[in-house]
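Have a look at the structure below before the remarks.
The first residue in the sequence is number 1, and the count goes up from there. Please read these numbers as outputs of a predicted model, since none were measured by experiment. Side chains included, hydrogens not; waters and symmetry mates left out as well; all remaining heavy atoms used. We count ligands from 1, going down the list as the structure has it; atoms in each ligand are counted the same way.
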Amino acid sequence: MKIVSLILAAGVGSRTGLSIPKQYFEFEGQSILLRAIRPFLSHKLIDNVQVVIHPEHFDLYHSAISETKILPPVFGAEDRQGSSLIGLQAIRKLQPTHVLIHDAARPFVSPELIDRVISELSNSDACIPALPITETIKKVKDGMVLETLDRERLQSIQTPQGFDFKTILNAHLANRNLNFNDDASIAELSGITVAIVAGSHKNIKITNDSDVSDIQDRSTEKQIGEVRVGNGYDVHRFQTGDHLMLCGVKIPFNKGLSGHSDADVALHAITDAILGSAGAGDIGEYFPPEDPKWKNSPSEIFLIEANNIARKNSLKLVNIDLTIVCEEPKITPFKKVMLEYLSKVLKIDSNRINIKGKTSEGLGFVGRKEGIAAFAVVNAQKF
Ligand code: MG
């Protein structure tokens with residue numbers, strides 16, 4: 001067997017709305033075309049790879065492909081069928097026994113799929129990857145359904161399509177200018193039996209805008225992971241007392257804060273922000289204030305539980321920004337110990353935590369020294 005692979009990349013890709021043709025679009029530093037070529041270039045049973053490109057893409061091609069093992073590209077025709085024939089004629093001089101024809105818009109072709117096609121070529125002159133159809137398929141016309149097709153008898157077809165070289169070249173030469181979408185159709189027209197092997201759901205064809213944004217999203221997620229943000233807000237009223245709990249720190253003061261738990265308004269805001277980042281509701285759902293169980297509880301319990309919930313949702317805290325709003329006590333003297341407390345309990349570096357103390361300029365309930373408000377924002381990342 002002498003196998004040459006033909007990669008069809010001459011399309012202009014007008015359906016993607018990209019500024020460059022889709023096969024030259026890059027993600028994670030590699031063009032779609034290069035990704036479509038590589039599995040063939042590195043396959044031990046494939047002798048050579050021939051790419052068919054659009055004449056206007058010559059510069060794009062050379063900036064996308066730096067492989068030296070590959071044959072120089074040839075220029076394709078207006079349509080896919082014409083380009084395929086040009087490619088077949090270009091590789092004729094190499095005297096291949098077989099050819100694998102692949103669309104450049106399928107960058108996720110696997111070595112295993114290529115193996116399956118090559119292996120079937122020892123029994124068949126033509127072999128294509130196919131997948132059963134899971135959706136119901138209907139024949140429609142002018143926006144109306146004509147009939148429902150029997151999907152048991154339908155399969156969706158992929159590339160690479162493998163052929164006995166002379167057989168497919170002759171079939172193309174005998175059926176020019178018919179504008180077929182795949183090479184197997186031409187083989188069928190020439191009466192050649194076409195075998196199928198299992199395709200792959202990963203071997204998708206990049207066709208339109210949403211396919212391109214899907215792979216963009218996928219590559220962005222891979223690089224930075226999914227990022228989540230949560231915000232939290234809480235208020236507690238002053239009451240008589242001689243200290244208050246604020247961000248895990250006991251602060252001597254001429255008043256206390258009223259609440260069912262220890263009324264640590266800052267930890268409640270952070271707890272809600274963490275739950276928010278995980279899409280996991282709010283503090284009251286887990287620790288209802290009417291439940292006597294939480295009376296005078298240290299709010300650290302709530303904070304630790306919220307962090308556990310985030311972890312169960314595969315989220316790791318990236319940073320926390322907390323703003324405590326009150327006329328008094330002064331926050332600044334306690335910032336360092338608050339940071340150390342949060343860092344220890346939440347197990348994140350203290351340089352990922354920021355605490356700000358603000359007054360309310362004498363305005364509103366905070367300005368009248370009726371209580372303390374706290375705002376928190378949490379950033380978390382999927383792991
Ligand atoms: Mg509260």
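With sequence neighbours excluded, the residues that form a side chain to side chain contact (heavy atoms under 4.5 Å, CB included) with L60 are I20, P21, Y24, H57.
Counting only protein N, O or S atoms, 3 lie closer than 2.8 Å to the Mg ion (ligand 1).
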Quick one: do H102 and F40 satisfy ring pair (Phe, Tyr, Trp, His ring centres under 6.0 Å)? Show the steps, please. CA-CA 10 Å; H102 185 60; F40 296 94; 4.9 Å; yes

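Ion pair R80/D183 flagged as a salt bridge, since at least one NZ, NE, NH1 or NH2 atom sits closer than 4.0 Å to an Asp/Glu carboxylate oxygen. A salt bridge between K336 and E340 is present, with a side-chain N of the basic residue lying under 4.0 Å from a carboxylate O of the acidic one.
Proximity of the aromatic rings of F163 and H98 is defined here by a centroid distance below 6.0 angstrom, and this criterion is not met.
Taking CG from L317 and CG from N379, the interatomic distance works out to 9.0 Å, rounded to the nearest 0.5 Å.
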